[in-house]
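Before any comments, here is the structure.
A note on names: the letters A, B, ... follow the listed sequences, proteins ahead of strands, and every chain is numbered from 1.
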Amino acid sequence: AQSVTQPDIHITVSEGASLELRCNYSYGATPYLFWYVQSPGQGLQLLLKYFSGDTLVQGIKGFEAEFKRSQSSFNLRKPSVHWSDAAEYFCAVGARTSGTYKYIFGTGTRLKVLA
Amino acid sequence: GAVVSQHPSRVICKSGTSVKIECRSLDFQATTMFWYRQFPKQSLMLMATSNEGSKATYEQGVEKDKFLINHASLTLSTLTVTSAHPEDSSFYICSARAAGSSYEQYFGPGTRLTVT
């Protein structure tokens with residue numbers, strides 16, 4: 001069965017430090033992968049996506065993610081975190097289920113940034 | 001481009017009443033729309049998938065008679081929570097997939113429903 005795992009429920013980093021949020025997926029075919037960010041009470045904002053091609057994907061706000069097929073991972077990284085990055089981050093896989101492409105979301109990682 | 005709106009952004013209703021939430025694709029035609037529910041500090045749970053002009057397909061465990069979904073046009077889908085109860089209080093988010101696009105969904109800003 002398709003699934004997405006975000007092993008870290010909470011992560012705390014200091015402002016200016018680097019960040020890596022982990023995402024592992026289980027899907028039998030080539031996955032379509034997404035990272036979204038959600039601020040409290042807000043909707044989802046797409047950070048980046050991977051459909052095919054270069055496995056290192058650049059996104060908005062200085063984020064990047066690397067697709068590693070051998071590890072079934074799509075980890076999100078940022079070299080220097082800003083206080084405004086504090087939010088909830090969701091990894092998602094686009095998977096064909098019952099004839100329709102649906103998103104399977106991970107449980108999310110809440111990022112806290114220390115000044 | 002690819003903007004999805006939801007109305008209202010917040011709604012408070014009394015227990016036993018019904019409330020309708022609208023989801024619109026503003027600058028594209030959406031053949032498929034999705035409705036999600038999100039409990040506090042939890043992930044998004046897909047409730048149903050709707051294709052324009054067809055009946056919605058509900059996920060297992062979602063009461064179709066309670067959560068009525070209508071997708072009458074290529075730019076509008078509605079979710080009606082019937083006979084709402086406090087346990088229906090949640091954050092409801094819709095998304096839309098553009099005609100001709102197989103994969104990517106565009107998300108609305110969400111609607112906070114509080115049932116008193």
Do [X] and [Y] sit in one hydrophobic cluster, given that two such residues count as connected whenever their side-chain heavy atoms are within less than 4.5 Å of each other, even indirectly?
{"X": "B:Tyr92", "Y": "B:Met45", "result": "yes"}
{"X": "A:Leu44", "Y": "A:Tyr101", "result": "yes"}
{"X": "B:Met33", "Y": "B:Phe28", "result": "no"}
{"X": "A:Ile104", "Y": "B:Trp35", "result": "no"}
{"X": "A:Ile11", "Y": "A:Val37", "result": "yes"}

Next item on the list: Give the member of B:Phe91, B:Tyr36, B:Phe107 that has the highest number of heavy-atom pairs under 4.5 Å with chain A.
Entry: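 Answer, by heavy-atom pair count under 4.5 Å with chain A: B:Phe107.
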Next item on the list: Determine the option with the most heavy-atom pairs under 4.5 angstrom with chain A, choosing from B:Arg10, B:Lys41, B:Gln38.
Entry: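 Option with the top pair count is B:Gln38.
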Can you tell me which portion of [X] sits under 4.5 Å from chain B's heavy atoms? Options are side chain, backbone, both or neither.
{"X": "A:Phe105", "answer": "both"}
{"X": "A:Gln6", "answer": "neither"}
{"X": "A:Leu46", "answer": "side chain"}
{"X": "A:Glu88", "answer": "neither"}
{"X": "A:Lys49", "answer": "side chain"}

Does a sphere of radius 6.0 Å around [atom1] in [X] hold more than 12 heavy atoms from other residues, nucleotides or ligands, not counting ones at 6.0 Å or beyond?
{"X": "A:Ile9", "atom1": "CD1", "value": "no"}
{"X": "B:His7", "atom1": "NE2", "value": "no"}
{"X": "B:Lys66", "atom1": "NZ", "value": "yes"}

Next item on the list: Find the distance between CG (B:Leu46) and NZ (A:Lys102) and round it off to the nearest 0.5 Å.
Entry: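 The distance works out to 6.0 Å.
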Item checked: Gap separating the CD atom of B:Gln105 from the CZ atom of A:Phe34, nearest 0.5 angstrom ->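 The distance works out to 7.5 Å.
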Item checked: Stepwise ring-ring contact (aromatic ring centres under 6.0 Å, His included) test for B:Phe34 and A:Tyr103 -> CA-CA 10 Å; B:Phe34 303 84; A:Tyr103 280 17; 7.3 Å; no
Checklist line | B:Gln6, part contacting chain A, at a heavy-atom distance under 4.5 Å | finding: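 No part of B:Gln6 comes within 4.5 Å of chain A.
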Note to self: When you measure from the side chain of B:Ser43 to the backbone of A:Gly108, do you find a donor-acceptor pair of N or O atoms at a distance under 3.5 Å?
What the structure shows: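 Checking the backbone N and O of A:Gly108 against the side chain of B:Ser43, no donor-acceptor pair under 3.5 Å is found.
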